[in-house]
Amino acid sequence: MKKTIGLLLLCIVVSSCGTRKKANRKKEVRVEVTIPPRETPKTSPVVITPTYNSTTEYIAFFKGVAIHEMKLYGIPASITLAQGILESGSGRGRLARDANNHFGIKCHDWTGPRVYHDDDRAQECFRKYNDPNQSYRDHSLFLAKRKRYANLFKHKATDYKAWARGLKKAGYATDPKYPQKLISLIERYELYKYDIFDAKKRAQKQQSYSEKHTVQKGDTLYSISKRYGLSVERLKALNKLNSNMLSIGQTLIITSN
């Protein structure tokens, strides 16, 4: 009897222990972790910086660009090339090598990339371009869209001497010998031939259609004739004018078929 009671008690103890262990066992929680894909690092724009072994190579490389800019904006190719040679050291100066800046154009209202370089003052801010062609285009816009250079465009594209002096007068450079340096480069490397090329193209174009001019305040027959390379008599004959009187808004024929 005693053995039976003992066995029952042992069974009860073993059973209760097993139940307690099951109650204390923690539930396993499986957490899924999503690892994001590795981002591809963003690459900076490729900066193209050509090299030139001589001024002659520089001219050969950029003459086409200068002529193209002349056709778009009216700036003599000879002036553009001479400024590029002078300001960039024929493409070998620090600004040209590090920033593709061939015209020494400073930051001013520029919001793009920039570099700092000693010029008139220490560590001045200069514009930086991805390639030299951007520098040539910015040079055209810099002159064409600023009022202080407006008088330059009154000169013919073939009058590089007037343009050279006009740039100094408008404040493009502080060097008092700047015009002479440009003129010397133009004549030494015969850069003026690229202006003549454009003048011939323009003459051929003018012969194919009638060009007209709308009279504005301050215009006279003499000033209009000088602007288009005509004589006053020729201008009067084209427009059948009996006097030198003009009125604002009047349309004048400049060339005929």
Side-chain angles (χ1 to χ4, degrees), residues 62 65-88 95 99-115 117 119-121 124-129 132-183 185-186 191 194-195 198-199 202 211-229 246-252 254:
F62 286 111
V65 179
I67 291 172
H68 179 68
E69 293 299 311
M70 174 172 59
K71 291 176 180 178
L72 292 177
Y73 295 97
I75 302 165
S78 62
I79 286 291
T80 300
L81 286 169
Q83 283 192 281
I85 293 167
L86 183 60
E87 298 286 351
S88 74
L95 280 177
N100 282 313
N101 189 331
H102 286 236
F103 298 93
I105 299 179
K106 297 177 181 178
C107 289
H108 301 292
D109 53 353
W110 180 253
T111 58
R114 58 194 64 197
V115 295
H117 177 71
D119 193 54
D120 296 328
R121 296 184 297 275
E124 291 193 81
C125 183
F126 289 85
R127 302 181 180 191
K128 183 177 181 180
Y129 309 95
N133 288 339
Q134 291 180 347
S135 178
Y136 269 72
R137 173 54 53 84
D138 199 34
H139 169 263
S140 298
L141 295 173
F142 190 83
L143 297 182
K145 294 193 174 183
R146 280 170 169 74
K147 290 183 179 180
R148 64 174 174 163
Y149 297 114
N151 286 332
L152 289 172
F153 295 87
K154 295 179 181 179
H155 304 304
K156 293 182 180 180
T158 53
D159 194 352
Y160 60 86
K161 292 182 179 179
W163 274 82
R165 298 187 187 103
L167 282 166
K168 173 64 179 68
K169 186 176 180 180
Y172 191 96
T174 57
D175 183 356
K177 295 183 179 180
Y178 194 75
Q180 288 77 16
K181 290 179 179 179
L182 292 181
I183 292 169
L185 285 169
I186 290 170
L191 302 179
Y194 304 120
D195 302 335
D198 187 63
R202 287 183 180 182
E211 186 175 354
K212 297 180 180 180
H213 174 84
T214 302
V215 177
Q216 301 177 7
K217 184 178 180 180
D219 279 350
T220 63
L221 283 177
Y222 178 75
S223 67
I224 296 170
S225 66
K226 292 289 289 182
R227 179 174 178 178
Y228 293 97
L246 297 174
S247 58
I248 296 174
Q250 182 179 353
T251 300
L252 298 178
I254 304 304

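Every heavy atom of this structure was used, including side-chain atoms; hydrogens, water molecules and symmetry mates were not.
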(message) Could you measure the distance from the CD atom of Gln216 to the CG atom of Leu246? Nearest 0.5 Å is fine.
(response) 12.0 Å
(request) For the pair Phe142 and Tyr172, name the ring-plane relationship: parallel under 30°, tilted 30 to 60°, perpendicular over 60°. (result) perpendicular
(request) To the nearest 0.5 Å, tell me how far Lys128 NZ sits from Cys107 SG. (result) 12.0 Å
(request) Could I get the full list of salt bridge (charged side-chain N to carboxylate O under 4.0 Å, His left out) partners for Asp219, not counting sequence neighbours? (result) none
(message) Between Asn100 and Ser135, is the side chain to side chain donor-acceptor pair (under 3.5 Å) condition met? List the steps.
(response) CA-CA 7 Å; Asn100 282 313; Ser135 178; over 6 Å; no
(message) Just to verify, what does Asp175 make a salt bridge (charged side-chain N to carboxylate O under 4.0 Å, His left out) with, not counting sequence neighbours?
(response) Lys181
(request) Report the residue from Asp138, Asn101, Thr111 that forms a side-chain hydrogen bond (donor to acceptor under 3.5 Å, both in side chains) with Arg127. (result) Asp138
(request) Look up atom OH in Tyr160 and atom CG in Leu191, then write down how far apart they are to the nearest 0.5 Å. (result) 9.5 Å
(message) With a sphere of 6.0 Å drawn around NZ of Lys168, does it hold more than 12 non-hydrogen atoms of other residues, nucleotides or ligands?
(response) yes
(message) Nearest 0.5 angstrom please: Ile186 CD1 to Leu86 CG, how far?
(response) 10.5 Å
(message) Checking the side chain of Trp163 only, and the main-chain atoms of Thr158 only, is there a donor and an acceptor separated by less than 3.5 Å?
(response) no
(request) Find out whether Gln83 and Tyr178 are in side-chain contact, i.e. whether some heavy atom of one side chain is under 4.5 Å from a heavy atom of the other. (result) yes
